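Following: one structure in structure tokens, then a few remarks.
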Amino acid sequence: MASVTESIAALSFPTTSRFRTSFSRPAMMISQPAVSSYSRRGLPEFKGLKIQSYSLISFASTNSRYPRVSKHSGRVVCEAQETAIDIPAVTDETWQSLVLNADGPVLVEFWAPWCGPCRMIDPVIGELAQQYAGKLKCFKLNTDDSPSIASQYGIRSIPTLMIFLNGEKKDAVIGAVPKTTLSASIERFL
């Protein structure tokens, strides 16, 4: 049976006669080619996040048993030019004051954190909040946290976006739709 150092060496370095063991490399440790499968197929590659400058942190001071043990740590950095605006949340307690008693039109997104399409439409709602700042108030209602309001308005699927004017529901858009569709609905009530 191979010792621990031989196993580590077999995983860290190419197999040579000096470090040959009876163990094979796990599938996840096999090195991959530098070219990803996306670029080989001619598909665009996601480049919004990257690992920034690795630093070597030594554990010698905290663990004297293994003085040369070190860990690479890096930070993941988003290189997006603009970040999404955080839409304020509305709850059972604030529904009356923020939505029903509001002056002017109010857009409410009914969503849940586990909903994929809700996450897709979130940046669009942020853009609309910026575009119509001062003309339209935008809020998000988590249907898991406030199920009574969701059932009161007959929300059966999310994301659902509703436009309220003077406390009355005027329009509803169901699903992750394009920004142009939402803009057309909003424009009718401005």
Side-chain angles (χ1 to χ4, degrees), residues 35-55 72-190:
V35 179
S36 73
S37 61
Y38 286 108
S39 61
R40 282 192 303 239
R41 292 184 200 141
L43 298 173
E45 253 186 280
F46 178 74
K47 295 183 181 185
L49 298 175
K50 73 174 188 174
I51 304 285
Q52 188 180 44
S53 67
Y54 280 103
S55 63
H72 288 283
S73 68
R75 296 183 309 166
V76 176
V77 178
C78 179
E79 294 183 335
Q81 295 295 325
E82 297 177 18
T83 58
I85 294 206
D86 192 28
I87 305 299
V90 65
T91 62
D92 291 331
E93 295 80 27
T94 59
W95 179 260
Q96 183 73 30
S97 63
L98 293 177
V99 178
L100 300 181
N101 295 337
D103 296 330
V106 178
L107 175 71
V108 179
E109 175 192 6
F110 292 84
W111 73 289
W114 48 264
C115 169
C118 298
R119 291 172 170 231
M120 288 172 41
I121 202 166
D122 192 55
V124 175
I125 303 298
E127 291 173 14
L128 290 171
Q130 277 184 330
Q131 181 179 344
Y132 294 107
K135 300 176 190 174
L136 175 76
K137 295 178 184 173
C138 295
F139 296 105
K140 293 171 68 169
L141 182 119
N142 186 335
T143 56
D144 290 343
D145 295 341
S146 302
S148 60
I149 294 176
S151 63
Q152 178 183 350
Y153 288 96
I155 304 299
R156 293 180 178 234
S157 65
I158 51 176
T160 296
L161 296 119
M162 287 190 178
I163 299 175
F164 292 85
L165 187 61
N166 300 323
E168 295 179 24
K169 175 186 147 187
K170 295 293 184 180
D171 196 13
V173 178
I174 299 171
V177 296
K179 184 179 176 181
T180 55
T181 304
L182 294 174
S183 293
S185 288
I186 292 168
E187 290 288 335
R188 293 187 310 190
F189 301 103
L190 291 180

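Residue numbers count from 1 along this sequence. Bear in mind that the values here come from a model prediction, so they are computed numbers and not experimental data.
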**Prompt:** Centres of the Tyr153 and Phe164 rings: under 6.0 Å?
**Reply:** yes
**Complete:** Heavy atoms of Phe139 and Leu98 approach each other most closely as CE1-O, 3.6 Å
**Request:** Specify the closest pair of heavy atoms between Leu165 and Pro105, including all atoms of both residues, with the distance to one decimal.
**Result:** CD1-N, 3.6 Å
**Asked** Is it true that the side chains of Asp122 and Trp111 contain a donor and an acceptor less than 3.5 Å apart?
**Response** no
**Working for side chain to side chain contact (heavy atoms under 4.5 Å, CB included), residues Ile155 and Met162** = CA-CA 10 Å; Ile155 304 299; Met162 287 190 178; 3.4 Å; yes
**Request:** Go through the steps for Leu136 and Phe189 under the test side chain to side chain contact (heavy atoms under 4.5 Å, CB included), then give the verdict.
**Result:** CA-CA 9 Å; Leu136 175 76; Phe189 301 103; over 6 Å; no
**Prompt:** Of all residues at least two apart in sequence or in a different chain, which pass the salt bridge (charged side-chain N to carboxylate O under 4.0 Å, His left out) check with Glu127?
**Reply:** Lys179
**Request:** Considering non-hydrogen atoms only, spot the tightest contact between Ala102 and Val106 and give its length.
**Result:** CB-CG2, 3.5 Å
**Asked** In a check of side-chain contact (heavy atoms from CB on, under 4.5 Å) between Leu128 and each of Leu182, Ile121, Ile87, which one passes?
**Response** Leu182
**Prompt:** Quick one: side chain to side chain contact (heavy atoms under 4.5 Å, CB included) partners of Ser146, sequence neighbours excluded?
**Reply:** Thr91, Asp92, Leu141
**Message:** Suppose the criterion is side-chain hydrogen bond (donor to acceptor under 3.5 Å, both in side chains): which pairs have a residue in residues 180-190, not counting sequence neighbours?
**Reply:** Tyr132-Glu187, Asp171-Ser185, Asp171-Arg188
**Request:** List the steps, then state whether side chain to side chain contact (heavy atoms under 4.5 Å, CB included) holds for Ile125 with Leu161.
**Result:** CA-CA 10 Å; Ile125 303 298; Leu161 296 119; 3.1 Å; yes
**Complete:** Taking every heavy atom of Asn142 against every heavy atom of Pro113, the minimum-distance pair comes out as ND2-CD, 3.5 Å
**Complete:** Between the CD1 atom in Ile163 and the NZ atom in Lys169, the distance rounded to the nearest 0.5 Å is 11.5 Å
**Request:** Check whether any side-chain heavy atom of Thr160 lies under 4.5 Å from a side-chain heavy atom of Thr143, and answer yes or no.
**Result:** no
**Asked** Within a strict 4.5 Å, meaning less than it, do heavy atoms of the Cys118 and Glu109 side chains meet?
**Response** yes
